[in-house]
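Written out below as structure tokens is the structure these notes cover.
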Amino acid sequence: MIPQSPEPSPDCPLCPRLADFRQAQRAAHPDWFNAPVPSFGDPEAWLAIVGLAPGLQGANRTGRPFTGDGAGPLLYGTLAKFGLAEGVYEARTEDDLRLTGAIIVNAVRCVPPQNKPTPEEVRTCRQFLEPALAGLPNLRVVVALGQIAHQSAVKTLGGKLPKMPFAHGAEHRLPSGLLLVDSYHCSRYNQNTGRLTDAMFESVFAQAVVLGDAAR
């Protein structure tokens, strides 16, 4: 059953392993956010960015996607370059950053141990991803960050995975007419290893902007 709200409750019990890990983090770090991380961005967004899950010392600590870890500067810097973010990203929720025309929604809302959600946890959390995306009246393009986010977005939006394989820069037209663009995840690991460069990441958003303009 799809929930009425696209956001899970602070004490969501649906994934026992994640709930136990969340409780352990609350005990260890009582000043952290330590709850399912809500979407962040513009409710009138034409572009949705689907991430994987909160990072332990990033969004799980701060309560905002991609805030406080190594992925944030690249993501928010790129969004600002394409006019999709305003203000200054300071890796904390008290900064004046805001998104314009874009929104970030994680495929899994709670931090998973070792940053690795199980397939069942991804499937379970899809009941929040679906209404989050369905509730965006102007949505035209979705950017998926990484293969797990790609798979969850495709399934959420009615596509068929065998016909829509993940590849950096790949474009897929979903049954609804929405366009999906894939990117390697902007994790610090992918940046450090050279799997994802700034130019590669920016090219995905340049592609998304062109597709969004064409789909107006």
Side-chain angles (χ1 to χ4, degrees), residues 5-12 18 21-26 28-45 47-117 121-122 125 128-129 132-133 135-136 142-146 148-149 152-153 183-192 196-198 201-202 204-205 208:
S5 171
E7 305 295 345
S9 69
D11 296 304
C12 180
L18 300 189
F21 190 62
R22 183 173 66 229
Q23 285 302 113
Q25 297 309 310
R26 286 177 176 175
H29 307 284
D31 57 331
W32 287 10
F33 184 74
N34 290 320
V37 174
S39 305
F40 170 62
D42 185 351
E44 300 297 320
L47 172 67
I49 300 150
V50 179
L52 173 55
L56 178 60
Q57 296 188 46
N60 179 66
R61 176 173 61 85
T62 63
R64 190 174 74 185
F66 296 93
T67 300
D69 58 23
L74 177 57
L75 175 59
Y76 289 122
T78 301
L79 292 179
K81 184 170 185 175
F82 287 94
L84 296 166
E86 297 178 348
V88 179
Y89 171 72
E90 297 178 345
R92 57 192 182 93
T93 56
E94 297 81 11
D95 61 26
D96 64 352
L97 177 73
R98 69 184 188 94
L99 303 189
T100 57
I103 193 168
I104 302 170
V105 187
N106 279 330
V108 176
R109 299 304 184 95
C110 293
V111 60
Q114 289 82 50
N115 292 321
K116 294 179 180 178
E121 289 160 356
V122 176
C125 213
F128 300 107
L129 180 61
L133 296 179
L136 298 171
V142 176
V143 169
L145 302 181
I148 293 175
S152 198
S183 173
Y184 291 136
H185 195 281
C186 52
S187 66
R188 174 56 64 185
Y189 176 82
N190 281 347
Q191 294 179 56
N192 287 345
L196 180 69
T197 65
D198 291 7
F201 197 59
E202 290 174 5
V204 165
F205 284 89

I'd like to know if the side chain of [X] reaches the main chain of [Y], judged simply by a donor and an acceptor atom lying under 3.5 Å from each other, with no hydrogens or angles considered.
| X | Y | value |
| --- | --- | --- |
| Thr78 | Leu74 | yes |
| Gln191 | Cys186 | yes |
| Asp42 | Ile103 | no |

I need the [X] [atom1] to [Y] [atom2] distance, nearest 0.5 Å.
| X | Y | atom1 | atom2 | result |
| --- | --- | --- | --- | --- |
| Phe201 | Asn190 | CZ | CG | 10.5 Å |
| Asn34 | Phe21 | CG | CZ | 9.0 Å |
| Leu99 | Glu44 | CG | CD | 14.0 Å |
| Lys81 | Asp198 | NZ | CG | 8.5 Å |
| Ile49 | Leu75 | CD1 | CG | 5.5 Å |
| Leu79 | Glu202 | CG | CD | 10.5 Å |

If the test is side chain to side chain contact (heavy atoms under 4.5 Å, CB included), which one of Val105, Asn106, Leu97, Thr67 qualifies with Phe40?
Leu97
Compare every heavy atom of [Y] with every heavy atom of [X], then report the nearest pair and how far apart it is.
| X | Y | result |
| --- | --- | --- |
| Phe128 | Glu7 | CD2-C, 4.0 Å |
| Arg109 | Ser39 | NH2-OG, 3.5 Å |
| Gly55 | Asp69 | CA-OD2, 4.3 Å |
| Leu18 | Pro113 | CD2-CD, 3.9 Å |
| Glu86 | Thr100 | CD-CG2, 3.7 Å |
| Cys12 | Pro36 | CB-CG, 4.2 Å |

Please check if atom CD in Glu94 has more than 12 non-hydrogen atoms from other residues, nucleotides or ligands closer than 6.0 Å.
yes
Using the side chain to side chain contact (heavy atoms under 4.5 Å, CB included) rule, take His185 and Asn115 through it: C-alpha gap first, then chi angles, then the decisive distance, then the call.
CA-CA 12 Å; His185 195 281; Asn115 292 321; over 6 Å; no
Can you check side chain to side chain contact (heavy atoms under 4.5 Å, CB included) on Ile104 and Tyr76, steps first, answer last?
CA-CA 11 Å; Ile104 302 170; Tyr76 289 122; 3.4 Å; yes
Do Leu129 and Ser152 pass the side chain to side chain contact (heavy atoms under 4.5 Å, CB included) test, and can you show the C-alpha distance, the side-chain angles, and the key distance before you say yes or no?
CA-CA 8 Å; Leu129 180 61; Ser152 198; 3.6 Å; yes
If you measure only the distance, is there a donor-acceptor pair under 3.5 Å linking the side chains of Gln25 and Arg22?
no
Classify the ring geometry between Trp32 and His29 as parallel (under 30°), tilted (30 to 60°) or perpendicular (over 60°).
parallel
Do Asp95 and Val88 make a side-chain contact, defined as non-hydrogen atoms from C-beta onward lying under 4.5 Å apart?
no
